[in-house]
Amino acid sequence: MTTTSGPLATRRLILQGAASVALLGLGNLPFAPAHAAANDKYPEEAFKQKNEADAIKALYGRNAEPSNKVKLDAPEIAENGGVVPVSVTTTLDKVSSISFFVTENPFALAASYKIAEGTIPGVANRLKMAKTTKLVAIVEADGKLYSATKEVKVTVGGCGG
Amino acid sequence: MASSIRVRATSNGDITEVQALIQHPMDTGLVKDPKGEVIPAHYIQQLTFECNGKDVFVADWGTAVSKDPYVKFSFKGAKKGDDLKISWTDNKGASDTTTAKIA
């Protein structure tokens with residue numbers, strides 16, 4: 001019996017370790033979704049959401065409707081998923097924010113821009129894409145959300161080393 | 001040390017066009033180095049453009065923004081010679097600030 005207590009004790013220790021890790025994981029769960037789009041704080045919770053719907057909910061707290069007034073420009077085929085040039089312009093009035101969601105990425109929300117009064121509602125930037133994905137741009141205008149969607153084929157993913 | 005931020009702000013009548021390029025690794029925390037160890041997440045979270053005491057453009061970024069990020073936008077209400085202040089902070093608490101003259 002004494003010979004088997006060694007490995008057993010080790011196994012128990014490992015299990016305890018796993019349990020405490022699980023507890024730590026729980027501690028990081030979002031407590032309350034912060035609708036940070038309206039203020040200046042960094043929307044930490046929205047950036048932690050894995051899928052697009054949850055990220056939109058965490059960022060804005062409501063749904064977007066597709067609109068042809070939002071123009072999303074992205075390449076149809078991106079050779080390098082690490083650097084994909086993406087831009088949005090819109091003819092909508094009273095735009096207060098523009099956000100980009102890459103649905104197949106580990107975390108859907110890529111970037112969110114606050115547009116002040118007097119700033120032209122449009123932005124160009126470069127994003128990473130893990131694989132071929134749907135790209136969604138959301139424009140917040142006069143309190144409503146409008147979206148545009150585009151499929152981007154990625155030949156080399158942007159997450160590998 | 002040279003600034004991590006390179007900015008070009010050009011005035012064209014009423015509209016000022018701003019292009020900014022920042023040197024930053026933008027590590028996702030999901031990539032492993034050649035030894036198989038995870039490179040911890042290190043990315044810019046917030047980037048602010050301020051002109052005449054007003055935030056004209058604020059970017060909130062996640063890890064999906066490309067390494068050495070680039071951003072371009074335009075705004076109204078500034079003229080040639082005005083100062084444009086650009087600052088960023090990352091998830092490790094580091095930050096940098098620079099001021100550019102609108103040309």
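Everything numeric in this text was worked out from a predicted model, so none of it was measured. Numbered from 1 within each chain, the chains take letters A, B, ... in sequence-line order.
- Ion pairing of A:K57 with A:E52 is absent here, as no side-chain N (NZ or NE/NH1/NH2) approaches a carboxylate O to less than 4.0 Å.
- The part of B:K54 that comes within reach of chain A is its side chain, from C-beta onward, which places non-hydrogen atoms under 4.5 angstrom from that chain.
- In this structure the side chain of A:F107 never reaches within 4.5 angstrom of the side chain of B:T28, judged on heavy atoms.
- Looking at A:V84, only its backbone comes within 4.5 Å of chain B, counting heavy atoms on both sides.
- A distance-only check finds no donor-acceptor pair linking the side chain of A:S67 to the backbone of A:Y146 [under 3.5 Å].
- Around atom CD of A:E151, more than 12 heavy atoms belonging to other residues, nucleotides or ligands sit under 6.0 Å away.
- Comparing B:A59, B:P69, B:S74 by how many heavy-atom pairs each has under 4.5 Å with chain A, the most go to B:S74.
- Heavy atoms of A:V123 lying under 4.5 Å from chain B belong to its backbone as well as its side chain.
- At a heavy-atom cut-off of under 4.5 Å, chain A is reached by B:I15, B:L21 from residues 15-23 of chain B, listed in order of number.
- For B:D83 and B:K101, the salt-bridge test passes: some basic side-chain N is under 4.0 Å from an acidic carboxylate O.
- Listed for the A:T133 side chain is a donor-acceptor partner under 3.5 Å among the backbone atoms of A:E104.
- Side chains of B:F75 and B:F49 form no contact here, defined as non-hydrogen atoms less than 4.5 Å apart.
- Taking the centre of each ring, A:Y42 and A:F47 come in below the 6.0 Å mark.
- Heavy atoms of B:Y43 lying under 4.5 Å from chain A belong exclusively to its side chain.
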